[in-house]
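We name chains A, B, ... by the order of the sequence lines, and we start the count at 1 in each one.
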Amino acid sequence: MHLNYHAELNPEQYEAATTIEGPLLIIAGAGSGKTRVITYRTAYMLDKGVPQSAILALTFTNKAAKEMSERVRHVTGKKLQNLSVSTFHSFGVKILRKEIQRLGWRDNFSIYDEVDRTQLIKDCAREVGFRMDAFDPNKAGMVFSDVKTGRKDWVNDADGYEKIYHEYQAALKAYNAVDFDDLIGLPIRVFETFPEAREAYRDQFRFIMIDEFQDTSLQQYRLMRLLSRDNICVVGDDDQSIYSWRGANFENIINFEKDWPQRKEITLYRNYRSTTTILDAANSVIQHNSNRKPKDLVSPNEGGAMIEIYAPESEIEEGEFIARVIKEIKLKDKLRYDQFGVLIRTNALTRHLEEAFLAAQVPYRVTGGTSFFQRKEIKDVISYLRVIANPEDDVNLIRIANVPRRGIGRRSLELLSDVAKRYSCSMRAAMQRVRSDHDLEFPERTRQDIDSFLSLLEFFREEFKGRRNLSLKVRKLVDTIDYWGYLVSENQHNEKAAKWKFLNVESLIQGIDVWEKDPDNLEPTLYAWLNRISLITRDDQDEDDSGKVNLTTIHAAKGLEYDVVFIAGCEDGIIPHARALEEGDGNVEEERRLFYVAITRARQRLLITACRRRRRNAMPVDCTPSPFLAEIPEALLSWREDEAALTEDEAADAWTQVHAMFDK
DNA sequence: CGTCTCCAGGTTTTT
DNA sequence: CCTGGAGACG
């Protein structure tokens, strides 16, 4: 490898990239070439003879992990099969697959997503006799997560959730399942309980890098500390901390300074990404936050286009506007579609934009949205696969017991649950008992239904044992249970919906096919696939990103950049989100950071839309622009009002509105 | 006992 | 608008 590090990096970047020994804290402002530094730093380590397997790079989102490994591959021109670049959670899965037996779980454990977890929490609450009328399983889930990650204890358990929590924990273990928090928490437990396991990992990963360090939770920080000796490099920016709701804690920057007092600290402050117009806007906005490490980003890209603001009448018009303007700019500036990013605060906003893009034939790709894997029809199929992999997985077993309808309804499940309780065994074991033990009193009809259900599962359990032709087997499964017939009968008045759902299943199967045929895939087994999809929201493995507009939440866009950025739905109540503000005052600052992240994604042009009215739960609601807009210096803004009904007067009105909000 | 039908309620961001 | 749960029906 003959990389000229001096030519490729500025002095701060160079120092950061070539300091590979000892603890290093890099404060990297938006657009200051953070990914570049990490990429070159990795290349530098490889240059110096560090083996790939000794390097561990951790990120938060799959997108970031993917981006990072692609860039390293690109810079080094090497295949990097032994380099570990992953999210904290998928790294946790890797550890648990090797070590979880130490804690009493068995192989092929299930990873419960939000839906599974909520279901289990409901069951547990019912089990311990909690009053169900006023029970909020989502709230309980949040409390459980806080407890699990050490942010809360049961001392002030106003809701009386503690009992449910213990039931929940016991059930997870009985079902051989873990939840997302366990993916970090259980590895910590392994390392703290079994020092020899910890040593083995510490010996292997002699060089550790953490990206987006401001987003680490205390729990993740603990895991990182257990793993690392001294060659630890963390990269972060307190202004871009946007995950505090998930336990991210930028005090970790302070913890790091405390725990590694001999650390080196480097600040990257030169922004190469954005025009000064965009940067000035970003700086003005973020300056309204207290409590930040002051840093002024400087950019050599003087001037640049004004930031454009447009106030569409409705979300429909907003979509049309964005689609039209993308086409205009693409033509005029000779850009590709993939150089555009459309950012939104909440996934719910994607829908209209997608419709507009479809109508205008603008190719796009969405990240997030109701996760593909959480769609009902997809979850059904996956539940079958989970039960086949892990027979103790009661949550998924119950989910599919009567899907498609096979006579095992509510009452049957209740009876089975009684049996399971009586013999303290899993539902699956209870079913087996009912099948074989004819002395056990049970409705004969149901007994037969259970028998054929079990036979079906057993058949496919054998079927899936081999490691070949996964997708063919899944297709066979879907055919055998006549899932298509089920979809048709479930959606009798909506043939289109049935078809759409079936197409989703079809695309799931095709996804498996692509995945198992990937020559880089060293482990094309059912279980490896299940693990993988537990941690991703969307299967973009084979997706060809080129030539498509990126439609994404601001959270998911962090770390990415686009020539032209639209921030859609920039209304009060959306950014900042009303719900976030309800939770606490500190959240205004986090919402502002979110807006800051959105602005700083843009290289050349930034366009912001704020609807005057928007449909919410099928009801149109009047909207006012986001108060953050008033924090951008007026001189940087231009109101766009071309073809629409927006007159000069109305524009002035909108402005008065913004200022009025700013003043109050 | 299973299935069908209607109704209320609910949505921040991600792993 | 879409899902999940409760109650009626067969």
Side-chain angles (χ1 to χ4, degrees), chain A residues 58-65 86-93 111-115 117-119 122 126 132-133 136-138 142 145 149 178-185 212 215 217 219-220 241-248 343-351 367-371 373-376 379 399 401-402 404-415 443-446 449 489-494 497 531-538 552-558 569 573-583 587 590-591 593-594 597-598 615-619:
Chain A
L58 293 175
T59 63
F60 285 83
T61 60
N62 296 299
K63 225 175 173 180
S86 68
T87 64
F88 265 97
H89 288 83
S90 50
F91 180 66
V93 173
I111 301 169
Y112 279 1
D113 67 12
E114 217 67 34
V115 179
R117 178 168 168 266
T118 307
Q119 187 57 50
K122 274 188 230 164
R126 211 167 286 134
M132 294 307 287
D133 42 331
D136 180 349
N138 288 317
M142 268 150 66
S145 181
T149 54
V178 300
D179 64 19
F180 278 132
D181 295 321
D182 289 332
L183 296 179
I184 314 293
E212 308 287 5
D215 289 328
S217 64
Q219 201 195 22
Q220 286 161 334
S241 167
I242 54 176
Y243 282 98
S244 70
W245 50 273
R246 207 179 80 185
L343 309 191
I344 45 186
R345 172 69 235 265
T346 72
N347 285 312
L349 303 180
T350 50
R351 211 196 159 94
T367 58
T370 349
S371 153
F373 294 100
Q374 311 221 118
R375 290 173 204 265
K376 234 166 144 271
K379 262 201 91 82
R399 181 190 171 88
N402 209 27
R405 313 244 178 255
R406 56 167 68 86
I408 309 177
R410 193 178 16 177
R411 182 70 192 142
S412 301
L413 287 175
E414 262 171 48
L415 289 172
E444 205 45 45
R445 179 70 213 269
T446 314
D449 292 333
S489 72
E490 284 292 289
N491 299 280
Q492 286 183 5
H493 313 288
N494 197 347
N531 273 329
R532 183 174 156 273
I533 54 115
S534 304
L535 297 172
I536 58 180
T537 45
R538 212 193 133 70
T552 163
T553 62
I554 302 173
H555 282 88
K558 196 162 67 136
I574 297 181
I575 321 180
H577 200 279
R579 219 176 188 88
L581 297 190
E582 273 168 33
E583 276 170 18
N587 289 341
E590 173 140 327
E591 295 290 308
R593 287 193 293 270
L594 206 45
V597 168
R615 222 165 252 282
R616 220 181 137 71
N617 285 350
M619 288 291 289

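Following rounding to the nearest Å, Q374(A) (CD) and dC2(C) (P) show an atom-to-atom distance of 16 Å. Rounded to an integer number of Å, the gap from L343(A) CG to dT12(B) C1' is 15 Å. Taking atom CZ on R411(A) and atom C1' on dC9(C), their separation rounds to 18 Å, with Å as the unit. For R375(A) and dT11(B), the CZ to P distance is 20 Å, given to the nearest whole Å. If you measure from atom CZ of R399(A) to atom P of dT3(C), you get 11 Å, rounded to the nearest angstrom. To the nearest angstrom, C1' of dC1(B) lies 17 Å from CZ of R406(A). dT15(B) atom P lies 13 Å from atom CG of D113(A), rounded to whole Å. Atom CD in E212(A) sits about 19 Å away from atom P in dT13(B), given to the nearest Å.
A donor N or O paired with an acceptor N or O is found under 3.5 Å between the base of dT14(B) and the side-chain atoms of R246(A).
Ring pair F88(A)/F60(A) is tilted by interplanar angle, where 30° to 60° counts as tilted.
Formation of a donor-acceptor pair under 3.5 Å by the E590(A) side chain with backbone atoms of S244(A) is found in this model. Side-chain N or O atoms of R593(A) include one that pairs as donor or acceptor with a backbone N or O of S241(A) at under 3.5 Å. Between the side chain of N587(A) and the backbone N or O of L581(A), no donor-acceptor pair lies under 3.5 Å.
For S412(A), counting side-chain heavy atoms from C-beta on, the closest listed nucleotide (dT15(B), dC1(B), dG5(C)) is dC1(B). With dG4(C), dT12(B), dT15(B) as the candidates, the nucleotide lying closest to the side chain of T346(A) is dT12(B). Here dT12(B) is the nucleotide among dC1(B), dT15(B), dT12(B) with the atom lying nearest to any side-chain atom of R579(A).
Both geometric conditions, a ring-centre gap below 5.5 Å and a plane tilt below 30°, are not fulfilled together for W245(A) over the base of dT12(B).
At a threshold of 4.0 angstrom between heavy atoms, the contacts of L581(A) with the nucleic acid are absent. Within the 4.0 angstrom heavy-atom criterion, only backbone atoms of the sugar-phosphate kind lie near N402(A); the bases stay farther away. Residue contacts for R345(A): at a heavy-atom cut-off of 4.0 Å it reaches a base atom on one of the strands shown. Among the protein residues, F60(A) comes within range of the sugar-phosphate backbone only, with heavy atoms under 4.0 Å from sugar or phosphate atoms but none that close to a base. When heavy atoms are screened at a 4.0 angstrom cut-off, K122(A) is found touching the sugar-phosphate backbone but no base atom. Residue N138(A) is in sugar-phosphate contact alone, with no base atom involved, counting any heavy-atom pair closer than 4.0 Å across all strands shown. No engagement by R445(A) is indicated, since no non-hydrogen atom pair under 4.0 Å with the nucleic acid exists.
Between R410(A) and K376(A), the residue anchored closer to the 5' end of DNA chain C is K376(A), taking for each the nucleotide with the nearest heavy atom. With the nearest nucleotide of DNA chain B identified for both E590(A) and P443(A), P443(A) has the one nearer the 5' end. Judged by closest nucleotide on DNA chain C, R351(A) is the one of Q119(A) and R351(A) placed further toward the 5' end. For E114(A) and E490(A), each mapped to the nucleotide of DNA chain B holding its nearest heavy atom, the one lying further toward the 5' end belongs to E490(A).
Residue T553(A) places at least one side-chain N or O closer than 4.0 Å to OP1 or OP2 of dT14(B). Not one side-chain nitrogen or oxygen of N587(A) sits closer than 4.0 Å to the OP1 or OP2 atom of dT13(B). Distances shown here put a side-chain N or O of R405(A) below 4.0 Å from the OP1 or OP2 atom of dC4(B). Within the structure, every side-chain polar atom (N or O) of N347(A) is placed at least 4.0 Å from both OP1 and OP2 of dT11(B).
Salt-bridge formation is not detected for the pair E582(A)/R579(A): no Lys NZ or Arg NE/NH1/NH2 atom is positioned less than 4.0 Å from an Asp or Glu carboxylate oxygen. Taking the charged nitrogens against the carboxylate oxygens, E490(A) and R405(A) do have a contact shorter than 4.0 Å, which makes a salt bridge.
A donor and an acceptor atom, one from each side chain of D181(A) and T149(A), are nowhere located under 3.5 Å apart.
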